[in-house]
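Read the numbers this way: they start at 1 and go in the same order the structure lists the ligands and their atoms. The structure displayed is predicted, hence computed values, not measured ones.
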Amino acid sequence: MSELAYKRTNVYEVADEKLMKEIFDYAEGYKVFLDEGKTEREVCAFVEAEAKKQGYVPFEFGTKLKAGDKVYYNNRGKNIYLIKVGKADVAKDGIRILASHIDSPRIDLKQVPLYESEGIAFGKTHYYGGIRKYQWATIPLALHGTVALADGSKLNVKIGEGENDPVFYISDLLPHLAAKQNVKPLGEALGGEDLNIWFGNIPYTAAKDEKDKTVKENLLRILNEKYGMKEADFLSAELSLVPAYNAKDIGFDRGLIGAYGHDDRVCSYPAYTALFDEASDEHTVMVVLADKEEIGSEGTTGMQCAIFTDLINEIASSFGVTSAAVRAKSKCLSADVNAGYDPNFPDVCEKLNSAYVSHGAGITKFTGARGKSGSSDADAEYVGYLRKLFDENGVIWQTGELGRVDVGGGGTVAKFIANMNIDTIDIGVPVISMHAPYEVISKADLYEEYLAFRAFIK
Ligand code: MN
Ligand code: MN
């Protein structure tokens, strides 16, 4: 091919022995992170502990920050901000922001979940985020979450991850009896109210009262014995069913990783590790690990919450400058995954503008759907700035659009940050089977994403 033509680079094709070792070593830490944090609360706690080890201290509003400070703000245990204050003047240099999200699609329990039918105790659910419902049946599920108990104390729940833990289950029809279901559109095979969790089936035979000899009563007694819970405690609980699988290498050559929740922990992990590993003290850097992206970034822990600009205000006022001045000079990488090109489903992608697995960090200039609607669409100048930066730092990157123009689309937190007058673009790892209980990414892309972040904050 002519030197004038553009061609993507396959990381695994060009990687030397040293880079291959770095890629594979880095992936080991990521797999631990995935297994330890399957909900935003768990990721938040994990990253807070890591930040403390790196000398980060809790930030209190009203504290005057100075160059060299390393602080974090744990927002309600579900969203965390890490801030490293640089030497450069924030009014001139702004803040380098890496924003990703730590919530992933899952199945949440309803507030009154328990019922019994024909000797089986079930839990009613309402799914969280965009899932293909049929994918969540007949797989092992673990129960994670938090219960605010009647006495004001808090109970953290994690059942189904230990070697000897029980797991939970959503049933589906056997093929022998599925003739009617088989001809339904795929999206209607299982409805939202069909995602009922199998919780147990042994009745409480020791009950004095005949009407209490039920499976539900037995379940309540187990919950009470083990956790001190009563049925009413579900009213003030956030309990989620997530896949009970752990992260594993995929394929004979181990170049890929399968796991639950790559979207968007595959960007969160490189974001905070890049911050910790980058020794440069020039720029002020903020890493945001946001909650609620999968349901619209609303609420106190989502990217649209004022806490984001409140923290920028605190940085600005520490140096006696306006928040507006700081935001005008700030730059953000909205770190979120993109759809990787899957040769098994070529029809939904446009080949020239897809993100390819193992071809590096994927820049998405615009998201949105049907005519870029709902996208913040970054400037050519900002893409140009990053292009130069990444090329100079040897980062392998590509661009990719989320599917063919009229097929679908999606959004990220990018627009909420861009709306604050901050140059923002999406950059992420291509994912195969996004939002499925087990998604796949390339170790090479994970590492290039990390290198891109390091170049950005250096
Ligand atoms: Mn995402
Ligand atoms: Mn998503």
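In this structure, Y26 has its ring center under 6.0 Å from that of Y269.
The salt bridge (Lys or Arg N to Asp or Glu O under 4.0 Å) search around E392 returns K388, not counting sequence neighbours. Considering only residues two or more places apart in sequence or on other chains, D423 meets the salt bridge (Lys or Arg N to Asp or Glu O under 4.0 Å) condition with none of them.
Within the sub-2.8 Å shell of the Mn ion (ligand 2), the protein contributes these N/O/S atoms: D263 OD2, E294 OE1, E294 OE2, H435 NE2.
Listed by first and then second residue, the ring-ring contact (aromatic ring centres under 6.0 Å, His included) pairs that reach into residues 322-346 are Y341-Y356, sequence neighbours excluded.
Between Y56 and F276, the ring planes are tilted. Angles from 30° to 60° get that label.
In summary, the side chains of E50 and Y272 do not present any donor paired with an acceptor at a separation below 3.5 Å, with no hydrogens or angles considered.
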